[in-house]
Amino acid sequence: MDFESLFRADLEQLKDDGNYRVFADLERRAGSFPKAHHHFEGSGQTRDVTVWCSNDYLGMGQSAVVTSAMHEAIDKCGAGAGGTRNISGTNHYHVLLEQELADLHGKEAALLFTSGYVSNWATLGTLLSRIPDVMVFSDEMNHASMIEGIRHSRARKVIWKHNDLDDLRAKLAAAPADAPKIVAFESVYSMDGDIAPIEAICDVADEFGAMTYLDEVHAVGMYGPRGGGIAEREGVMDRLTIIEGTLGKAFGVMGGYITGSVALIDWIRSFASGFIFTTALPPALAAGALASIRHLKKSAIERRRHKENVAKVRAGLTKAGIPWLDNPSHIVPVMVRDPKKCKWISDILMDQSGIYVQPINYPTVARGAERLRITPTPLHTDADIAKLISSLSDLWSQCALARHVAVA
Ligand SMILES: *Cc1c(COP(=O)(O)O)cnc(C)c1O
């Protein structure tokens, strides 16, 4: 087998399709968020860019509240955790952080993982492989981490139409009445920015005695009076069996978690391979996340300014006739619907305007749904916004892309 030529052929195919991923080599500059240095490929030179596609939605990754907590923890505890959670790696910051997370979601207990991806993969994988005869009902737009956890478990799975209550009910009703059931879904969907009807989904799940598993990754820190997510905003956190989240997006650090009952958390802690057999998060990460969560529980100004900037970007796009996908969240998808044009626009924005928006192509989104996923933050200035809109508008004409006079 000529492995090298297999690898090269697959990569050529990706490039031909316009789906080959090129990473922007960035050097984020603490205190200047959302600005960064962009290192050109191999040239040793850098230029300043404004980042418009970060999931550090509120800029907490550079907040002094977070970085000073991390510095302090490094000075106190050193760099790494020094082991798995079971074998010397549990640091007091992990314990405090789990208490904080349980409180954030109104649950009895919480469990940390090394990322949100791992928390979904390990939790769903463990539930679905250990509960006899269990079936999972998974929203068709669920994130890859949930899909992989489900696949890994080999449990029976039923995919229901995105956010479609009738389809969910019909599929639950068609399943054997005595099979244990888990309904898995997200609150804010990351690419379209739409939001699930959480309470209504819980009502349907209750009709069939199903457990509910909610991924709030794009909502934690962002919604609800204390940043507990959409379920907090809607007063329905107690309706979910498990609420899962990340420390790597609005909280600005890294790591993932689940929250739930004491017995459930203890059970996952005891049986999930993806939790047990891996080194615990560095204490400084836990300390930074702890500081970030505590801050966002009390402070709403970041969320308010963030909303204002999202509204400004949308208004600017509409005025310029650039089509964006309307949704009730903070994500602004500008639809290009062509992988090559999407990449081209992104490249020119970077090269000519110092604006960085990564093109989102297949398989992250469906073919024909290629887009620029714009994520305004509270720290983008009015001048940043004006420059984004005018640069996009120029490129829109050059690319001969359709303009919409108004997008609802
Ligand atoms: C990013 C993401 C994850 C994974 O979280 P990480 O902490 O980045 O691993 C899980 N679910 C959804 C919906 C996501 O977008």
Side-chain angles (χ1 to χ4, degrees), residues 23-39 48-71 97 101 104 114-117 119 143 145 187-191 193 215-224 227-229 245-257 281-282 284-297 299-310 312-313 329-333 346 350 354-358 360 364 372-381 384-385 388:
F23 299 158
D25 180 352
L26 300 177
E27 195 177 314
R28 302 179 88 207
R29 284 164 26 211
S32 315
F33 185 86
K35 310 271 187 235
H37 291 310
H38 177 222
H39 290 255
D48 284 349
V49 295
T50 303
V51 180
W52 275 102
C53 56
S54 176
N55 282 337
D56 187 355
Y57 294 127
L58 301 175
M60 291 304 288
Q62 298 187 5
S63 157
V65 171
V66 175
T67 55
S68 62
M70 293 185 74
H71 282 296
L97 178 54
L101 288 164
L104 178 67
T114 43
S115 73
Y117 187 103
S119 66
H143 188 258
S145 53
S187 58
V188 176
Y189 284 84
S190 105
M191 289 302 147
D215 174 320
E216 286 254 43
V217 159
H218 291 279
V220 291
M222 305 286 293
Y223 297 88
T246 184
L247 306 171
K249 291 174 182 169
F251 292 129
V253 193
M254 188 190 180
Y257 64 89
L281 287 173
L285 287 191
L290 185 62
S292 186
I293 294 164
R294 284 183 176 161
H295 177 80
L296 290 175
K297 270 182 179 170
S299 171
I301 188 152
E302 292 83 0
R303 288 189 280 277
R304 206 187 70 226
R305 291 208 177 124
H306 180 254
K307 266 202 187 122
E308 288 165 8
N309 273 356
V310 170
K312 282 182 196 169
V313 170
S329 77
H330 57 282
I331 293 158
V332 186
S346 168
M350 186 82 120
I355 288 171
Y356 172 43
V357 196
Q358 185 71 16
I360 308 280
T364 306
L372 300 168
R373 177 182 180 272
I374 296 175
T375 52
T377 74
L379 295 156
H380 285 98
T381 63
D384 291 334
I385 295 172
L388 171 74

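The structure presented is a predicted model; accordingly, all values stated were derived computationally and were not measured.
Pairing each heavy atom of Ala36 with each of Val51, the nearest pair is CB-CG2, 4.1 Å. Residue Pro34 comes nearest to Leu379 through the heavy atom pair CD-O, 3.6 Å, listed as atom of the first residue, atom of the second, then distance. When all heavy atoms of Leu372 and Gln358 are compared, the pair lying nearest together is CD2-O, 4.2 Å. The two residues Ser68 and Val65 come nearest to each other via the heavy atoms OG-O, 3.6 Å. The shortest heavy-atom contact between Ala250 and Met222 is CB-SD, 3.5 Å. Across all non-hydrogen atoms, the minimal contact from Gln62 to Ala30 is OE1-CA, 3.4 Å.
With sequence neighbours excluded, the residues satisfying salt bridge (charged side-chain N to carboxylate O under 4.0 Å, His left out) with Lys312 are Asp382.
Panel note: side chain Thr50, backbone Ile355; no donor-acceptor pair is recorded below 3.5 Å. At distances below 3.5 Å, not a single donor-acceptor pair connects side-chain atoms of Ser119 with backbone N or O atoms of Thr114.
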Test Leu247 against Ile293 for side-chain contact (heavy atoms from CB on, under 4.5 Å), laying out the working first. CA-CA 9 Å; Leu247 306 171; Ile293 294 164; 3.9 Å; yes

Could you please spell out the steps behind the side-chain contact (heavy atoms from CB on, under 4.5 Å) verdict for Val253 and Leu281? CA-CA 11 Å; Val253 193; Leu281 287 173; over 6 Å; no

Between Val220 and Lys249, is a side-chain contact (heavy atoms from CB on, under 4.5 Å) present by the stated rule, with each step listed? CA-CA 8 Å; Val220 291; Lys249 291 174 182 169; over 6 Å; no

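No donor-acceptor contact under 3.5 angstrom links the side chains of His295 and Ser292, judged on distance only. Side-chain N/O atoms of Asp48 and His38 include no donor and acceptor closer than 3.5 Å.
Looking only at side-chain heavy atoms (C-beta outward), Leu58 and Arg305 stay at 4.5 Å or farther from each other. For the pair Arg373/Cys53, no side-chain contact is recorded, criterion being any heavy-atom separation below 4.5 Å from C-beta on. Looking at heavy atoms from C-beta onward, Thr377 lies out of side-chain contact with Asn309 at the 4.5 angstrom threshold. Side chains of Phe251 and Leu290 form no contact here, defined as non-hydrogen atoms less than 4.5 Å apart. Using a 4.5 Å cut-off on side-chain heavy atoms (C-beta onward), Leu285 and Met70 make contact. Counting heavy atoms from C-beta on, the side chains of Asp56 and Arg28 come closer than 4.5 Å. Contact annotation: the side chain of Asn55 never approaches that of Thr246 to less than 4.5 Å [non-hydrogen atoms, C-beta and beyond]. Contact of the Leu97 side chain with the Tyr257 side chain is not registered, since no non-hydrogen atoms from C-beta on lie closer than 4.5 Å.
We find the CE-CD1 distance between Met191 and Ile360 to be 4.5 Å, quoted to the nearest 0.5 Å. Note: Tyr223 OH to Lys307 NZ = 7.5 Å, rounded to the nearest 0.5 Å. Taken from CD1 in Ile301 to OG in Ser299, the straight-line distance is 6.5 Å, to the nearest 0.5 Å.
Just one of Glu308, His306, Arg303, Met60 meets the side-chain contact (heavy atoms from CB on, under 4.5 Å) condition when paired with Pro378; it is His306.
Under the 6.0 Å cut-off for aromatic ring centres, Tyr57 and His330 qualify, their centroids lying closer than that.
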